[in-house]
Amino acid sequence: MELKREMLDALNSQLNAELYSAYLYLAMAAYFDSKGLKGFAHWMRVQAEEEVEHAMKFYDYINDRGGRVILRAIEKPPTEWDSITDAIRAGLEHERAVTEAISSLVDLARKLGDKPTEVFLHWFIEEQVEEEKSFAEILQALQLAGESPQALLLLDQRLAQRKD
Ligand SMILES: [Fe+2]
Ligand SMILES: [Fe+2]
């Protein structure tokens, strides 16, 4: 079954969105590094790498279906946030927007009767639950403990442990 034009364009858009996610989290890593929060920065750097992997899943899938990957310009991410909590909240909001985008892709695949793409997207539907959860957990910890130096250092040490 040939990949329809509309589906191909939407998949290429999502490939770009995943690269933007990587860029956004790398910008957050740089912001945290500038604040001396090495653990937060490490966590965001790992997160950025994960987003590149997501982008590559779209890259491979488009190729597997005989489509043409078209790379577009990646939007410039913000460089500053009002606070540590604000940056993490922005991350959670971004993940929620990505969840909506993936959901729209599933709707489009269904509309076009494109079962392989629908199945391919299932992994992302599950992944987005994890993505929202991991940002929500950090946000909750910040909201509970506040941004006192002690609380931040403790959380920073925890986030430094992230492996993948
Ligand atoms: Fe992603
Ligand atoms: Fe993500």
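Atoms within each ligand, like the ligands themselves, are counted from 1 in listed order. Just the heavy atoms: all of them, side chains too, but no hydrogens, waters or symmetry mates, feed the values below.
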query: Closer than 2.8 Å to the Fe ion (ligand 1), how many protein N/O/S atoms do you count?
result: 3

Donor-acceptor side-chain pairing of E132 and Q128 below 3.5 angstrom: no

message: Just to verify, what does Y61 make a ring-ring contact (aromatic ring centres under 6.0 Å, His included) with, not counting sequence neighbours?
response: F120

message: Looking at R5 and D9, is any side-chain nitrogen of the basic one under 4.0 Å from a carboxylate oxygen of the acidic one?
response: yes

message: Any salt bridge linking D156 with K38? Criterion: basic side-chain nitrogen under 4.0 Å from a carboxylate oxygen.
response: no

task: Quick one: pull up CG in L19 and CD1 in I74 and give me the separation to the nearest 0.5 Å.
output: 4.5 Å

- prompt: Thinking salt bridges, do E50 and R162 make one under a 4.0 Å N-O criterion?
  reply: yes

